[in-house]
Peer 1: 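First, the structure itself, so that you have it in front of you.
Note that this is a predicted model, so its numbers are computed, not measured. Just so you know, these numbers use all the heavy atoms, side chains as well, and skip hydrogens, waters and symmetry mates.
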Amino acid sequence: VTNYNNALEQLETAVAKGDASAVVRLQSAIKFNGGGHINHSIFWKNLKPVNEGGGEPPHSTLGWAIDTDFCSLEALVQKMNAEGAALQGPGWVWLALDKGSKKLCVETTANQDPLVTKGANLVPLLGIDVWEHAYYLQ
């Protein structure tokens, strides 16, 4: 958040000065740091201890939507695992609701790019941080 706020301040200064090259250069810092904040805010809200309902398969509306759009929870898990494994470097795997089609979908984003970069109609439901360094342990 600090780096995001610093980049926004620098952007404001660059815009006031009419420094187009600085404005363009700062876009990546804003996207990376702002996206990281958005993504991790969603990520931490997705985690719950078992005594608060965490660790249980989705039920009700979400469970039915998963069965309808992916055939089963197991098929969704396999798809998300495959998409995450296919990412080159850091990124995110998302379970999203496409407000246009009213269906669930799986999307990926690179680095800290938030899901909105894939389309304003996508609502993130679950984000999995694909930390590429974890693969290097083996």
Peer 1: Quick check for you: to the nearest 0.5 Å, what is the distance between Thr13 atom OG1 and Asp19 atom CG?
Peer 2: 10.0 Å

Peer 1: In sequence, state the C-alpha distance, the side-chain angles, and the governing distance for Leu62 and Leu104, and then conclude on side chain to side chain contact (heavy atoms under 4.5 Å, CB included).
Peer 2: CA-CA 9 Å; Leu62 180 57; Leu104 298 176; 4.1 Å; yes

Peer 1: Would you mind listing the cluster partners of Leu11? Hydrophobic ones only (ILVMFWY), side-chain contacts under 4.5 Å, chaining allowed.
Peer 2: Tyr4, Leu8, Val15, Val23, Leu26, Ile30

Peer 1: Report the C-alpha separation of Asp69 and Trp64 in whole Å, then their side-chain angles, then the decisive distance to 0.1 Å, and conclude whether the side chain to side chain contact (heavy atoms under 4.5 Å, CB included) test is met.
Peer 2: CA-CA 9 Å; Asp69 297 334; Trp64 298 323; over 6 Å; no

Peer 1: Please tell me if the side chains of Asp129 and Asn39 come closer than 4.5 Å, counting only heavy atoms from C-beta onward.
Peer 2: no

Peer 1: Give the C-alpha distance, both sets of side-chain angles, the deciding distance and a yes or no for side chain to side chain contact (heavy atoms under 4.5 Å, CB included) between Asp113 and Phe32.
Peer 2: CA-CA 6 Å; Asp113 294 1; Phe32 182 82; over 6 Å; no

Peer 1: Give the intermediate values and the outcome of side chain to side chain contact (heavy atoms under 4.5 Å, CB included) for residues Glu83 and Glu107.
Peer 2: CA-CA 8 Å; Glu83 295 285 336; Glu107 291 286 342; over 6 Å; no

Peer 1: Rounded at 0.5 Å granularity, tell me how far NZ in Lys118 sits from OG1 in Thr109.
Peer 2: 7.0 Å

Peer 1: With rounding to the nearest 0.5 Å, note down the distance linking CG in Leu125 to CG in Leu97.
Peer 2: 6.0 Å

Peer 1: Could you give the distance from CG (Asn121) to SG (Cys105), rounded to the nearest 0.5 Å?
Peer 2: 8.0 Å

Peer 1: Hydrophobic side-chain clustering at under 4.5 Å (ILVMFWY, transitive links): who's grouped with Trp92? Put none if nobody.
Peer 2: Ile38, Ile42, Phe43, Trp44, Leu47, Trp94, Leu115, Leu122

Peer 1: Within a reach of under 6.0 Å around CD of Glu12, are more than 12 heavy atoms found that belong to other residues, nucleotides or ligands?
Peer 2: no

Peer 1: Can you check whether Ile128 reaches Met80 side chain to side chain, under 4.5 Å on heavy atoms?
Peer 2: yes

Peer 1: Roughly how far, to the nearest 0.5 Å, is CD1 of Ile66 from OG of Ser72?
Peer 2: 9.5 Å

Peer 1: Give the minimum heavy-atom separation between Ala29 and Ala7, together with the two atoms involved.
Peer 2: CB-CB, 4.1 Å

Peer 1: If you look at every heavy atom in Thr117 and Lys31, which pair is closest and at what distance?
Peer 2: CG2-CE, 4.5 Å

Peer 1: According to a hydrophobic-cluster definition based on side-chain heavy atoms being under 4.5 Å apart (Ile, Leu, Val, Met, Phe, Trp, Tyr only), do Leu76 and Val123 belong together?
Peer 2: yes

Peer 1: Looking at residues at least two apart in the chain, or sitting in another chain, which of them share a side-chain contact (heavy atoms from CB on, under 4.5 Å) with Pro49?
Peer 2: Asn51, Glu52

Peer 1: First locate atom OG1 of Thr2, then atom NE2 of His37, and finally report the distance between them rounded to the nearest 0.5 Å.
Peer 2: 11.0 Å

Peer 1: Report yes if some heavy atom in the side chain of Pro58 is under 4.5 Å from a heavy atom in the side chain of Leu73; otherwise report no.
Peer 2: yes

